[in-house]
Amino acid sequence: MSNEKLTPRSENYSEWYNQVIQRAEMADYAPVRGCMVVRPYGWALWENIQHALDGMFKETGHVNAAFPLFIPMSFLEKEKEHVEGFSPELAVVTIGGGEKLEEPLVVRPTSETIIGYMYSKWIKSYRDLPLLINQWGNVVRWEMRTRLFLRTLEFYWQEGHTAHVSEQEAIEETLRMLEIYTRFATDYAAVPVIPGRKSSSEKFAGAINSYSIEAMMGDTKALQAGTSHMLGQNFAKAFDIQYLDPNNELQYCWTTSWGVSTRFIGAIIMTHGDDQGLIMPPKLAPIQVVIVPIYKNDEERARVMPVVENIRAELASLRVKVDDRSEVTPGFKFNDWEMRGVPLRLEIGPKDVEKGSVMAARRDIPGREGKSFLPQNDILHAVDELLAQIHDALFERAKTFRDSHIQEVNSYEDLVSAVEKGWAYAWWCGNGECEARVKEDTKATTRCIPMDQPEGSGECVVCGKPAHEKVYFARAY
RNA sequence: CGGGGUGUAGCGCAGUUGGCAGCGCACCGCGUUUGGGACGCGGGGGUCGGCGGUUCAAGUCCGCCCACCCCGACCA
């Protein structure tokens with residue numbers, strides 16, 4: 001519960017972010033540096049995210065399984081880029097049961113290696129392919145600087161790992177999952193994202209190509225909200241994932257991996273939140289509708305509560321909370337649920353009992369403008385309608401904000417100033433040195449080379465050489 | 001690992017020249033309140049980050065250590 005006003009976003013965005021998470025009881029700091037406790041309200045949001053994504057994975061033929069937390073150190077070392085990328089951030093177990101281990105065990109930072117090892121045992125024939133497995137779990141990466149949800153030592157995610165007969169199939173899978181992530185962000189979280197390909201310096205350690213969905217946060221910084229990797233035959237060769245093709249010839253598989261983590265919660269917070277607190281996208285909100293009964297005394301309470309219960313029953317298909325606390329005032333409850341981002345609030349008092357109405361207040365439109373009377377008859381239909389409108393309005397608002405903070409630039413000077421205020425969209429030759437120079441000068445990195453590319457070609461915004469792709473540059477979380 | 005900062009009740013903080021450890025919020029009880037953050041009265045809650053030193057006496061002075069935060073380096 002909270003009693004004071006939040007730090008406004010414009011004053012100190014990081015402070016606002018930390019406060020809103022703690023006051024809305026999404027998460028708390030754990031006793032170990034960089035670790036967090038996901039509190040029930042935060043976990044409820046994660047469960048809704050899981051449910052939505054999991055449904056889409058199942059629809060596309062994926063199944064869930066669980067692989068071990070511990071990975072033999074030697075596994076990581078089998079793929080050169082992979083070990084180079086991850087070794088600085090590994091947590092390693094060297095003692096078990098009081099005895100020094102013969103081989104150190106890595107706490108998984110991601111599971112390509114151990115899953116690759118298992119796949120090599122399971123895959124014998126082209127008839128075993130494609131193999132489409134997902135796992136929901138936690139991973140550990142020993143990060144230097146951490147932030148709740150965005151970067152913690154331990155985080156929760158899903159990681160899909162697939163094996164295919166051909167490069168073409170693997171590419172299709174990689175892009176299919178990128179598309180699913182895009183749809184999830186748009187249709188469920190109301191977070192507009194740009195799907196695209198990562199530059200080679202930004203790609204996953206061990207991948208041929210990485211793709212991501214990139215979202216703009218309320219301070220205009222970019223956040224990678226999901227990734228999908230085409231791993232080529234790198235892991236297949238490192239772990240001998242081979243099959244016999246119809247001609248009885250031994251072939252290496254083509255593999256992919258893709259993931260979305262609890263970081264996405266950070267994306268939701270920073271995309272929709274305002275100075276009053278969180279704003280939950282209706283489809284993922286742990287509580288979609290909060291009902292606040294209004295009464296002055298027992299007599300009024302006796303008249304109001306049956307109507308409240310009736311409305312609750314009508315809305316049984318939704319996630320509804322009745323806030324019947326007697327120790328706090330309605331005004332306090334309004335602020336309290338606004339902090340937690342409940343998309344729709346219904347107030348039901350003596351006047352509503354008489355008139356057969358309820359007062360509805362939209363979280364996305366503060367104050368009187370967001371309030372309207374709904375008839376008690378057919379309340380479910382009216383509430384569904386409002387929730388759908390809130391979803392659309394949140395998406396549109398975020399998209400308008402994002403688009404108004406992206407600047408198309410043709411000169412290096414414009415690029416430098418653009419990334420101070422938002423994102424820059426520019427031609428890039430693809431050379432890592434140009435990328436590095438931008439990072440050196442501005443801290444902005446290439447976020448992605450969007451799938452949607454304009455016609456024609458241009459000159460690299462950094463070096464002026466011919467460029468055939470446009471890229472987003474931005475400062476990122 | 002470098003630079004800076006902070007450690008006193010759950011949270012935010014005050015604590016003078018060394019002299020009984022406090023305030024606000026939160027929490028518990030009772031009563032009055034309740035359509036935009038109510039109020040009164042009464043309560044509970046402390047290894048002052050840790051260890052050592054100086055002193056009749058240390059939250060306060062000295063030394064060492066630890067933790068956390070910010071900036072940097074680093075970063076699927």
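Proteins get letters first, then strands, A, B, ... in listed order; numbering begins at 1 in each.
- For A/Thr329, taking side-chain heavy atoms from C-beta onward, the closest of the listed nucleotides B/U33, B/G36, B/A73 is B/U33.
- Seen from the ring of A/Phe155, A/Arg141 does not count as a face-on cation partner, given the 6.0 Å and 45° thresholds.
- For RNA chain B, the residues of residues 358-370 of chain A within the heavy-atom distance limit of 4.0 Å (strictly under) are A/Met359, sorted by number.
- Aromatic pair A/Tyr119/A/His161: centroids not less than 6.0 angstrom apart.
- Ring pair A/Phe149/A/Tyr156: centre-to-centre distance not below 6.0 Å.
- One cannot find a donor-acceptor pair under 3.5 Å joining the base of B/G35 and the side-chain atoms of A/Lys333.
- Separating the P atom of B/U6 from that of B/G49 is a span of 13 Å, rounded to the nearest Å.
- Closest contact between the side chain of A/Arg141 and the listed nucleotides B/A38, B/G35, B/A76 involves B/A76.
- The CG atom of A/Asp336 sits 18 Å away from the P atom of B/C25 (whole-angstrom rounding).
- Applying the 3.5 Å distance criterion, the base of B/A76 shares no donor-acceptor pair with the side chain of A/Ser210.
- A/Glu159 places no side-chain N or O within 3.5 Å of a backbone atom of A/Gly259 that could act as its donor or acceptor partner.
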Given Watson-Crick and G-U pairs under 3.5 Å, RNA chain B in dot-bracket ([ ] crossing, | other strand) is (((((((..((((.....[..)))).((((((.....)))))).....(((((..]....))))))))))))....
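- A donor and an acceptor atom, one from each side chain of A/Ser199 and A/Glu435, are located under 3.5 Å apart.
- In the set B/C74, B/U34, B/A76, B/A76 carries the atom at the smallest distance from any side-chain atom of A/Gln224.
- Here the side chain of A/Phe332 is nearest to one of B/A73, B/A76, B/G37, namely B/G37.
- For A/Trp258 and A/Phe57, the ring centers sit closer than 6.0 Å to each other.
- Across the protein-nucleic acid pair, A/Lys198 atom NZ and B/C75 atom P stand 14 Å apart, rounded to whole Å.
- The side chain of A/Lys296 approaches B/U34 more closely than any other nucleotide in the set B/G36, B/U34, B/A76.
- In summary, A/Arg325 and A/Asp336 engage in a salt bridge, as defined by a charged side-chain N under 4.0 Å from a carboxylate O.
- Comparing the same atom, C1', in B/A21 and in B/A57 gives a spacing of 15 Å after rounding to whole Å.
- For the C1' atoms, the distance from B/C64 to B/U54 is 15 Å, rounded to whole Å.
- Remark: the separation of the P atoms in B/U55 and B/C62 is 16 Å, to the nearest Å.
- To the nearest angstrom, P of B/C30 lies 12 Å from CD of A/Glu327.
- A/Leu153 places its CG atom 17 Å from the P atom of B/C75, with the value rounded to the nearest Å.
- A/Val106 and A/Leu90 get closest at one heavy-atom pair: CG1-CD2, 3.7 Å.
- For the pair A/Asp323 CG and B/G35 C1', the interatomic distance rounds to 14 Å; values are reported in whole Å.
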Measure all distances between protein nitrogen or oxygen atoms and nitrogen or oxygen atoms of nucleotides 39-46 of chain B, and list the pairs falling under 3.5 Å.
none

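- Ranking B/A76, B/C75, B/A73 by closeness to the A/Arg263 side chain, first place goes to B/A76.
- We find that CH2 of A/Trp337 is positioned 18 Å from P of B/G35, with the value rounded to whole Å.
- Atoms CG (A/Leu90) and C1' (B/C75) sit 13 Å apart, rounded to a whole Å.
- A/Ser326 comes within contact range of at least one nucleobase, with a heavy-atom separation under 4.0 Å.
- The six-membered or imidazole ring of A/Tyr472 lies near that of A/Tyr425, with a centre-to-centre distance under 6.0 Å.
- With hydrogens and angles left out, the side chain of A/Arg151 and the base of B/C75 share a donor-acceptor pair within 3.5 Å.
- Side chain to side chain, A/Glu103 and A/Ser74 meet the donor-acceptor criterion of an N or O pair below 3.5 Å.
- Across the C1' atoms, B/A9 and B/C65 are found 25 Å apart, a figure rounded to whole Å.
- Nearest nucleotide to the A/Pro330 side chain, out of B/A73, B/U34, B/C75: B/U34.
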Inset, instruction - I would like to know whether A/Thr174 and A/Leu178 meet side chain to side chain contact (heavy atoms under 4.5 Å, CB included); could you show each step before the answer? - result: CA-CA 6 Å; A/Thr174 307; A/Leu178 186 70; over 6 Å; no
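- Closest to the A/Lys443 side chain, of the nucleotides B/G35, B/G72, B/A76, is B/G72.
- What separates CD of A/Gln19 from C1' of B/C25 is a distance of 14 Å, to the nearest Å.
- Relative to the side chain of A/Glu338, the nucleotides B/G36, B/U34, B/A73 differ in distance, and B/G36 lies closest.
- Between B/G36 and B/G72, the two P atoms lie 45 Å apart (nearest whole Å).
- Side-chain polar atoms of A/Ser257 and A/His229 form no donor-acceptor pair below 3.5 angstrom.
- Residues A/Pro88 and A/Gly34 both approach RNA chain B. Their nearest nucleotides, taken by heavy-atom distance, put A/Gly34 toward the 5′ side.
- A residue-by-residue look at A/His229 and A/Thr146 shows that A/Thr146 has its nearest nucleotide of RNA chain B further toward the 5' end.
- The nearest pair of heavy atoms linking A/Gly226 to A/Val260 is CA-CG2, 3.9 Å.
- Taking the ring centre of A/Tyr211 as origin, the terminal cationic atom of A/Lys198 falls outside the region bounded by 6.0 Å and 45° from the ring axis.
- Under 3.5 Å, the side chain of A/Asp352 and the base of B/G35 form at least one donor-acceptor pair of N or O atoms.
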